[in-house]
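Notes for the one structure printed next.
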Amino acid sequence: QVQLVESGGGEVQAGGSLRLSCAASGITFRIYYMGWFRQAPGKEREFVGGISRTASTTYYASSVEGRFTVSRDNAKNTVSLQMNSLKPEDTAVYSCAAKYYLGSRYVGDEYNYWGQGTQVTVSS
C-alpha cells in the first residue's frame, strides 16, 4: 500500500552533482517527517539528511553538511536530495524514509516506511 520510490541515482565523477527524488504514495505525505539514508557495502546504514513536514527545519549529517540539500514538494508528494561536490565516499545505496513522529531525532532509523533505494556511485 505504502510506497516510497527513489529515482535519480547513477554514476558521477568526484566533484560532480546528482539529484535524487523520492515519490511517496499511500500516505498523507505532508504530515510525515522525511529522511534520507545511505548504505555502502559492508557498512551500516547511516543518516544523511532530514526535513520537517513543512520544510521549516532540515537536519544533516556532518559529513554532508554544506554539500547536500534536502527539499520537499508536498503538492507532488516528493522529497529530493540535491548532492553537490560528491566524493567517492558518498558511494552508497540511498534510501528515503518517512515517519509520523519525529521522536528524539532525525538521524535515528526508527522510520515507519522505507524505499527500496537507488545506487549512487562516485568515481575518482
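These values consider heavy atoms only, across backbone and side chains, with no hydrogens, waters or symmetry-generated copies. Note that this is a predicted model, so its numbers are computed, not measured. This chain uses plain numbering: 1 for the first residue, then up along the sequence.
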Basic-acidic side-chain contact under 4.0 Å: Glu110, Lys99 =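 No salt bridge links Glu110 with Lys99.
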Would you name the heavy atoms of [X] and [Y] that are closest together and state the gap between them?
X      : Y     : result
Glu6   : Ser95 : OE2-CA, 3.2 Å
Ala23  : Thr78 : CA-CG2, 4.2 Å
Ser17  : Gln82 : CB-NE2, 4.0 Å
Ser123 : Gln13 : OG-OE1, 2.6 Å
Thr91  : Ala40 : O-CB, 3.6 Å
Tyr106 : Ser52 : OH-CB, 3.3 Å

Please indicate whether [X] has more than 12 foreign heavy atoms, meaning atoms of other residues, nucleotides or ligands, lying under 6.0 Å from its [atom1].
X      : atom1 : answer
Glu11  : CD    : yes
Gln116 : CD    : no
Arg19  : CZ    : yes

Could you pull out all residues at least two apart from Asp73 that satisfy salt bridge (Lys or Arg N to Asp or Glu O under 4.0 Å)?
->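 If we apply the salt bridge (Lys or Arg N to Asp or Glu O under 4.0 Å) test to Asp73, skipping adjacent residues, there are no hits.
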Hey, quick one: are [X] and [Y] part of the same hydrophobic cluster, counting side-chain heavy atoms closer than 4.5 Å, chains of contacts allowed?
X      : Y      : result
Ile31  : Phe29  : yes
Tyr59  : Val64  : no
Tyr113 : Val107 : no

Find out whether [X] and [Y] are in side-chain contact, i.e. whether some heavy atom of one side chain is under 4.5 Å from a heavy atom of the other.
X      : Y      : value
Tyr100 : Ile27  : no
Thr121 : Val12  : no
Cys22  : Trp36  : yes
Tyr60  : Thr58  : yes
Asn74  : Arg72  : yes
Leu86  : Leu18  : yes
Arg45  : Arg38  : no
Val93  : Thr118 : no

Give the C-alpha distance, both sets of side-chain angles, the deciding distance and a yes or no for side chain to side chain contact (heavy atoms under 4.5 Å, CB included) between Met83 and Leu20.
-> CA-CA 8 Å; Met83 304 182 293; Leu20 307 182; 3.7 Å; yes
Evaluate side chain to side chain contact (heavy atoms under 4.5 Å, CB included) for Val79 paired with Ile51, printing each intermediate quantity in order.
-> CA-CA 9 Å; Val79 60; Ile51 190 167; 4.1 Å; yes
Distance (rounded to the nearest 0.5 Å) between Gln3 CD and Ser25 OG =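 One finds 4.5 Å between CD of Gln3 and OG of Ser25.
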Give, for atom OG of Ser124 and atom NZ of Lys87, the distance between the pair rounded to the nearest 0.5 Å.
->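 NZ of Lys87 is found 13.0 Å from OG of Ser124.
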Return the set of residues passing ring-ring contact (aromatic ring centres under 6.0 Å, His included) with Phe37 (not counting sequence neighbours), or none when no residue passes.
->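 Partners of Phe37 by the ring-ring contact (aromatic ring centres under 6.0 Å, His included) criterion, ordered by chain and then number, come out as Phe47, Tyr111, Trp114.
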Check whether the side chains of Arg53 and Tyr32 place a donor and an acceptor atom closer than 3.5 Å, and report yes or no.
->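 Tyr32 and Arg53 do not have a side-chain donor-acceptor pair below 3.5 Å.
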Where does the angle between the aromatic ring planes of Tyr94 and Phe68 fall among parallel (under 30°), tilted (30 to 60°) and perpendicular (over 60°)?
->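 The rings of Tyr94 and Phe68 sit tilted, inter-plane angle from 30° to 60°.
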